[in-house]
Amino acid sequence: MSNEKLTSRSENYSEWYNQVIQRAEMADYAPVRGCMVVRPYGWALWENIQQSLDGMFKATGHVNAAFPLFIPMSFLEKEKEHVEGFSPELAIVTIGGGEKLEEPLVVRPTSETIIGHMYSKWIKSYRDLPLLINQWANVVRWEMRTRLFLRTLEFYWQEGHTAHATEKEAVEETLRMLEVYTRFAVDDAAVPVIPGRKSNTEKFAGAVHSYSIEAMMGDTKALQAGTSHLLGQNFAKAFNIQYLDVNNELQYCWTTSWGVSTRFIGAIIMTHGDDQGLIMPPRLAPIQVVIVPIYKNDEERSKVMPVVEKIRAELNNIRVKVDDRTEVTPGFKFNDWELRGVPLRLEIGPKDVEKGSVMAARRDIPGREGKSFLPQDNIHQSVSDLLVNIQSSLLKRATAFRDSHIFDAASYEELLIAVEKGWAYAWWCGEPGCEAKVKEDTKATTRCIPIEQPGGNGKCVVCGETAHEKVYFARAY
RNA sequence: CGGGGUGUAGCGCAGUUGGCAGCGCACCGCGUUUGGGACGCGGGGGUCGGCGGUUCAAGUCCGCCCACCCCGACCA
């Protein structure tokens, strides 16, 4: 661990990002190119994300299951767009047990195909529907360039796969899970996101429609933080997922899939972090409160530690860490836990023992301004209140930042300026040509066509033709 | 695959006209410290990316190879 200052976030955002992750011991690259080791502290955050999402999945009637890591190549080839979309980034096993395989096995880049294969066996009757299954898994996509959490060769995620009797139900499911992701991002991660539909060029290979939640990072670039796909009957037809309806007629199912990955950790880091390092939203923070005892000698220690233990015991259902390391100074610990993003720090020293107080320092407000004395009495209540307050102020701050970097673009000139400074919000006719022109001129792409629309019509910001929908253009990760 | 760059201690780097392999941080030991990144003294750690060449002598000069990073095309 280093005790040097971090690179400033405004000076070099990408260096800041890598430094924070490494110094906070969130993750490392493994010796193999592009693969990521998630360190215990990073994994603890992921576990909290898992727990939060899993609770919402259960509440909406989904159950967990597991499917194979290896998928026969022929499975992917059954859906034309799917294999075309994924073939450049597949890792393929050609040798097994020293023998060349009859048919290559693909290391799953996503599991629609193998799950579709199983669903065709499992689903026979309308009584089997809807089938609502989620899988927590790792997947592999052979990316050209990797970035910790955001784009790694292997990543961890959850992928939900559902089958329904009607299109209407599948559409409802797709939007329901988009809503679940939105609630998770906003309420638990304090990451404001815009739910919307992807353009045809940006959608998932094999989907009818893709939806996503889009977040703005601290450098104003956009990050797709979760996706929900309406697969229509594309996979049902490719894999023969059929059922007999009440009239004894054979019907194809309507399917969906949706996922959130370890990429979301990157979203949290880049949304909330500052020049001191990470800031964890209290609801997901691996450590919510760190207590730093302060003493000069054994005598002071013997007075301070019982108070520390008493406070720790009272904060029973809060994730508390007592940093009783003796080899580093309190000042070092302050910086260390700030780097790791612990939302609230309690300092307890001889003065607090005398006064019956503790010093509380909130992570979201740096320096003296974020410090206050709390009475030791009723500490559980005051700490809980502070955590709630920090959670909501993080969301408020991120939302204000995002909104001040979204610009209405009424003309192409305005769009060019807007995507330099943040996101452009503009009418778009839906033509891929207009989208491609923007990408060529600015590197910005359509992020999503938001669910909430202003209504009425406008003129496409690129070609001037009549447009029915407004869309966000932005540079993206 | 195209353009640019870098390989020297765990990490970050310096190394001049070729002449004993260095610095900061980290690590280990002892002591003093401890309310915002402590200090002193002592210590351990190297196939200088690899192979070959020039030379009395190569981290340094020459040739070939390898690896990695950044910018493009691709992407949750």
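No experiment lies behind these values; they were computed from the predicted model shown. Labels below follow one simple rule: chain letters A, B, ... track the order of the sequence lines, proteins then strands, and each chain is numbered from 1.
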Distance flag, aromatic centroids of Tyr477(A) and Tyr17(A), threshold under 6.0 Å: no
Looking at C74(B), I'd like to know if its phosphate oxygens (OP1 or OP2) sit under 4.0 Å from a side-chain N or O belonging to Lys439(A). yes
Name the pairing partner of C51(B), where a pair is Watson-Crick or G-U wobble with both distances under 3.5 Å, or state none. G63(B)
Determine which nucleotide pairs with U32(B), using a 3.5 Å limit on both distances of a Watson-Crick or G-U wobble pair. A38(B)
Asn18(A) CG - C70(B) P separation (whole Å): 8 Å
Going by purine N1 to pyrimidine N3 plus the second Watson-Crick contact, or the G-U wobble pair, all under 3.5 Å, which nucleotide sits opposite A9(B)? none
Suppose you measure atom P in G59(B) against the same atom in G2(B); what distance do you get, rounded to whole Å? 33 Å
Need the pair for A58(B). Rule: Watson-Crick or G-U wobble, both distances under 3.5 Å, any strand; none if unpaired. none
Using OP1 and OP2 only, check whether a side-chain N or O of Thr227(A) sits under 4.0 Å from A76(B). no
pair_partner(G2(B)), Watson-Crick or wobble, both distances < 3.5 Å, evaluates to C71(B)
Checking N1-N3 plus N6-O4 or O6-N4 for Watson-Crick, or N1-O2 and O6-N3 for wobble, each under 3.5 Å, the partner of G44(B) is none
Among A76(B), A38(B), G35(B), the one nearest any side-chain atom of Ile294(A) is G35(B)
Under 4.0 Å: is that the gap between some side-chain N or O of Lys443(A) and OP1 or OP2 of G72(B)? yes
Does C71(B) have OP1 or OP2 under 4.0 Å away from a side-chain N or O of Arg145(A)? yes
Pick from Glu11(A), Arg9(A), Glu15(A): which one makes a side chain to side chain contact (heavy atoms under 4.5 Å, CB included) with Tyr13(A)? Arg9(A)
Identify the nucleotide, in any strand shown, that forms a Watson-Crick or G-U wobble pair with C20(B), with both distances under 3.5 Å; if there is none, say none. none
